[in-house]
Amino acid sequence: MNDVIAVKRRLIETLSEAASKAQEMGKLPAVALPEITVEHPPNSGHGDYASSLPLKLARATGSNPMAIAREMVGLMAPAAEIASIAVAPPGFINFTLKDDWLTRQVDGILAAKDAYGNMTIGQGTRVQVEFVSVNPTGPLHVGHGRGAILGSTLANVLAAAGYDVTKEYYINDAGNQIDAFYRSLYARYQQAFGIAAGVPANGYVGNYMIDLAKEIIAEEGNKFLTLPEREAIARLGEIGLKKMIAQITSDLELLGVTFDVWFSERSLYQGGQYEKAMSLLKQGGYIAEKEGATWFESTALGEDKDNVVVRGDGSPTYFAADIAYHYNKFLERRFDKVINIWGADHQGHVSRMKAVIGALGISPERFKVIISQMVTLRRGSELVKISKRSGDLITLREVIEEVGADACRFIFLSRSADAQMDFDLELAKKESMDNPVYYVQYAHARIASIMKFAQQDQMDFSDGDVSLLTTEPELALIRKMVLLPEVIEVVTETMEPHHLAYYAQDLATVFHSFYKQCRVVSDDKVLTRARLKLVQAAKSVLARTLTLMGMQALEKM
RNA sequence: GUCCCUGUAGCUCAGUCGGACAGAGCGGCUGCCUUCUAAGCAGUUGGUCGGGCGUUCGAGUCGCCCCAGGGACGCCA
């Protein structure tokens, strides 16, 4: 187990033992102990860890919290890594870490290298993160980028926490939308040859469809003109679909987002999973025929309304496909946990999918949906349209090319998924010099520069004595570095990657402050070696944090 | 009408399980480059935490009721 996490666990244990002992001795009424937690006090003057257990016990026992705190502290065996335990009003117990324990962590971080922060809390649990999964009927826009960044970062963190992670993209390559896409493409194809064909009413009218048709013509010529319409649409559509998927793939790669599995909706029908899932629900008595269609009776499960799974014309709905897909995730591929990141427009889909999960006999805590809220794109005060159906749209690719992948990632990671946000292109660019993105990367580049400078003197610091790191700026830096494992733990528990961005910024801040106050390479060779160790460790933690966020750790800026 | 998300400093946003004086970045105002990167540092300005009631020793955080913004309520996906 990681050292800091171990310390935290030990403190909780110490508190628990002290409380029990006080009860045994009759100094504290024998009430059930509340869940014991330790936190980081907001004010650093109060130490590294604090517990409000006495305050909580005061409520349960009706006694004075300060007295309880004193009693408990008196019963605590001093832990090896703790320098002092103090009681503070109105009833906190504060713990301060020993300086030499802190400085030793520098050696620990250097030894862990890229693996620093890794944990085993996941215990190899098989978790699937499904994200983006945009219909391959048009290019990605910024909103999709948000989900992509959220998902890939979450996957990185879960992997660091010891989960066995599969990143997956669900390709909706069947159904009405694909049909509309195929027909729209066929119309544009015909138009390119001067044939008066109309894009269907519910079709995709964007200019990219004209470009797509032209691209196909350049490669395939006019051969689809002579085919029967049915066949032409199918074959042309297939080519267009492949191209759209390729484009989506490469757009995501620009953002540093990749997937382990690209899962085809069609395969659900070809593999018989759709039938299996449906018959399972039927067996459970959740399926009913009415009004000429087949329904999933979710009202019986507390839902607002029932939902159609098979239309009057016999074709399955999107909902039916998703049922089959989740049947596949849980019952065929047997993921222990499934995390879906959906756009805000899918929020109505959440509760009925939860109902399905229950109906399939899957325990609800294995299924988690994160809704990534809307992004509105603007240039200053001017609103920029990103609708797929309209002609003028700014694609994700254009945004990335304009502001940069790292800036994009950081901006999205600085906000919690359930807050709607404005993405101001002007601001993202104008701020580019003062952007927190560069602030963090600059800290890393600065250290790289120090290392390079030190290397000119062939400085070997492998025997640096970390116990010489005794000043406030040095210890403050270590205190922050040592927090990464906890951040990873928090992100894992809350599924909120944005904590990482704030941590990155905090870490950069303490580093920059340290840098200003402490000269690393100096005439004092012994101190220099110790500080080189410190700075090298800081570089490693910064790099790890940036990597988890999917960002570059630059050597030079 | 029902359901979901949001409302915290001039702006953009954090705020774990209810805890110590409510935080950061940007902006504004002051200072700081002979020395490893000033894309930096130090200081300062700035808040009825949308409003009300309640629970609690203690509420930005929990409950109820309002107000405001956004989204979802298809045999679209």
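Within every chain, numbering begins at 1; the chains are lettered A, B, ... in the order of the sequence lines, protein sequences first and strands thereafter.
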With respect to the side chain of A:Tyr502, which nucleotide from B:rG71, B:rA14, B:rG40 is positioned closest?
-> B:rA14
May I ask you to decide if A:Ile171's main-chain N or O and A:Trp262's side chain share a donor-acceptor pair within less than 3.5 Å?
-> no
Indicate, with a heavy-atom threshold strictly under 4.0 Å, whether A:Ala344 touches base, sugar-phosphate, or nothing.
-> sugar-phosphate
Hey, is the side chain of A:Arg311 poking within less than 4.0 Å of OP1 or OP2 on B:rC76, counting only N and O atoms?
-> yes
Nearest to the side chain of A:Ser52, which nucleotide is it out of B:rG19, B:rA20, B:rG40?
-> B:rG19
If you look at every strand shown and take non-hydrogen atoms under 4.0 Å, does A:Met374 touch a base, only sugar-phosphate, or nothing?
-> sugar-phosphate
In whole angstrom, give the distance that lies between atom CD of A:Glu472 and atom C1' of B:rA42.
-> 13 Å
Between B:rC36, B:rA14, B:rA38, which one does the side chain of A:His498 approach most closely?
-> B:rA14
Are OP1 or OP2 of B:rA77 and a side-chain N or O of A:Thr137 less than 4.0 angstrom apart?
-> no
When we call it a touch if two heavy atoms are under 4.0 Å apart, what does A:Tyr318 touch: a base, just sugar-phosphate, or nothing?
-> base
Determine the Euclidean distance between corresponding P atoms of B:rA38 and B:rC33; express it in Å to zero decimal places.
-> 12 Å
Considering only B:rC36, B:rA39, B:rA14, which nucleotide approaches the side chain of A:Val520 most closely?
-> B:rC36
At under 4.0 Å between heavy atoms, what does A:Asp179 touch on the DNA or RNA strands: base, sugar-phosphate, or nothing?
-> nothing
Rounded to whole Å, CD of A:Glu291 lies from C1' of B:rG74 at a distance of 13 Å
Options B:rC17, B:rG15, B:rC5, nucleotide nearest the side-chain atoms of A:Gln420 = B:rC5
Note: A:Arg531-A:Glu474 ion pair, threshold 4.0 Å (strictly below) = yes
Answer with yes or no whether A:Asp506 presents, from its side chain, a donor or acceptor under 3.5 Å of a partner atom in the base of B:rA14.
-> no
Closer to the 5' end of RNA chain B via nearest nucleotide, is it A:His46 or A:Asp418?
-> A:Asp418
Round to the nearest Å and state the distance from A:Lys8 atom NZ to B:rU16 atom P.
-> 13 Å
Return the value, rounded to whole Å, for the distance between atom CZ of A:Phe410 and atom C1' of B:rA14.
-> 12 Å
Rounded distance (Å) that lies between atom C1' of B:rG19 and atom NE2 of A:His40 | 16 Å
Hey, does the side chain of A:Thr376 come within less than 4.0 Å of B:rG70's phosphate (OP1/OP2), counting only N and O?
-> no
Any sub-3.5 Å donor-acceptor pair from A:Lys539's side-chain atoms to A:Ile447's backbone N or O?
-> no
Write down the distance separating the P atoms in B:rG40 and B:rC3, rounded off to the nearest Å.
-> 47 Å
Considering only heavy side-chain atoms of A:Arg519, the closest of B:rC36, B:rA39, B:rC5 is B:rC36
Mind checking the C1' distance from B:rC49 to B:rG18? Whole angstroms is fine.
-> 15 Å
Please measure how far the P atom in B:rC13 lies from the corresponding atom in B:rG70, and state the result in whole Å.
-> 15 Å
Any idea which of B:rA20, B:rC75, B:rG74 is nearest the A:Ala293 side chain?
-> B:rC75
Nearest-Å distance once atom P is located in both B:rA22 and B:rG60 | 9 Å
Send over the distance from A:Tyr439 OH to B:rC26 P, rounded to a whole Å.
-> 8 Å
Do the ring planes of A:Phe514 and A:Phe511 sit parallel (below 30°), tilted (30 to 60°) or perpendicular (above 60°)?
-> tilted
Would you please confirm or rule out a distance under 4.0 Å between OP1 or OP2 of B:rU6 and any side-chain N or O of A:Arg415?
-> no
Within the structure shown, what part of the strands sits under 4.0 Å from A:Arg352 by heavy-atom distance: base, sugar-phosphate, or nothing?
-> base
In whole angstrom, give me the gap between the P atoms of B:rG19 and B:rC67.
-> 30 Å
Indicate, with a heavy-atom threshold strictly under 4.0 Å, whether A:Asp304 touches base, sugar-phosphate, or nothing.
-> sugar-phosphate
Give A:Ser522 one of three labels, base, sugar-phosphate or nothing, depending on what nucleic acid heavy atoms sit under 4.0 Å from its own.
-> nothing
Examine distances only and state if a side-chain atom of A:Ser298 and a backbone atom of A:Lys305 form a donor-acceptor pair shorter than 3.5 Å.
-> yes
Just wondering, do A:Tyr515 and B:rG40 stack (centres under 5.5 Å, planes under 30°)?
-> no
Give A:Lys452 one of three labels, base, sugar-phosphate or nothing, depending on what nucleic acid heavy atoms sit under 4.0 Å from its own.
-> nothing
Taking only side-chain nitrogens and oxygens of A:Tyr438, does any of them come within less than 4.0 Å of OP1 or OP2 of B:rA39?
-> no
Could you state the atom-to-atom distance from NZ of A:Lys56 to P of B:rG19 in whole Å?
-> 8 Å
Can you tell me if A:Tyr274 uses its side chain to pair, donor with acceptor, with the backbone of A:Ile323 under 3.5 Å?
-> no
State which of B:rC76, B:rG25, B:rC4 makes the closest approach to the side chain of A:Gln347.
-> B:rC4
Considering only side-chain heavy atoms of A:Val521, which listed nucleotide, B:rC36, B:rG71, B:rC41, is closest?
-> B:rC36
Taking the P atom of each, how far is B:rG58 from B:rG43, in whole Å?
-> 35 Å
Check the chi torsion on B:rC33 and let me know: syn if it falls within 90° of 0, anti if not.
-> syn
If we take the P atom in both B:rU34 and B:rG46, what is their distance in whole Å?
-> 33 Å
Start at the 5' end of RNA chain B and walk down; is the nucleotide closest to A:Glu265 or to A:Glu555 reached first?
-> A:Glu555
To the nearest Å, how far apart are A:Lys354 NZ and B:rC3 P?
-> 16 Å
Any donor-acceptor N/O pair, A:Thr317 side chain to A:Val308 backbone, under 3.5 Å | yes
Give each stem of RNA chain B as a range with a range, requiring at least 3 consecutive Watson-Crick or G-U wobble pairs whose two distances are under 3.5 Å.
-> B:1-7 with B:67-73, B:10-13 with B:23-26, B:27-32 with B:40-45, B:50-54 with B:62-66
Looking at every strand, decide which applies to A:Thr37 at a 4.0 Å heavy-atom threshold: base, sugar-phosphate, or nothing.
-> base
Does a side chain donor of either A:His326 or A:Asn340 reach within less than 3.5 Å of an acceptor in the other side chain?
-> yes
Answer with base, sugar-phosphate or nothing: what part of the nucleic acid does A:Met451 contact at a heavy-atom distance below 4.0 Å?
-> nothing
Can you say whether the rings of A:His498 and A:Tyr502 are parallel (under 30°), tilted (30 to 60°) or perpendicular (over 60°)?
-> perpendicular
Within 45° cone and under 6.0 Å: A:Arg352 NZ/CZ vs A:Phe296 ring | no
Side-chain N,O (A:Asn176) to OP1/OP2 (B:rA77) below 4.0 Å = yes
Consider the side chain of A:Lys516, meaning its heavy atoms from C-beta on, and name the nucleotide among B:rC41, B:rA24, B:rG15 that approaches it most closely.
-> B:rC41
Donor-acceptor contact below 3.5 Å, side chain A:His40 vs main chain A:Asp48 | yes
Give one of base, sugar-phosphate or nothing for A:Ala448, where a contact means two heavy atoms less than 4.0 Å apart.
-> nothing
Parallel, tilted or perpendicular: rings of A:Phe367 and A:Trp342 (30°, 60°) = perpendicular
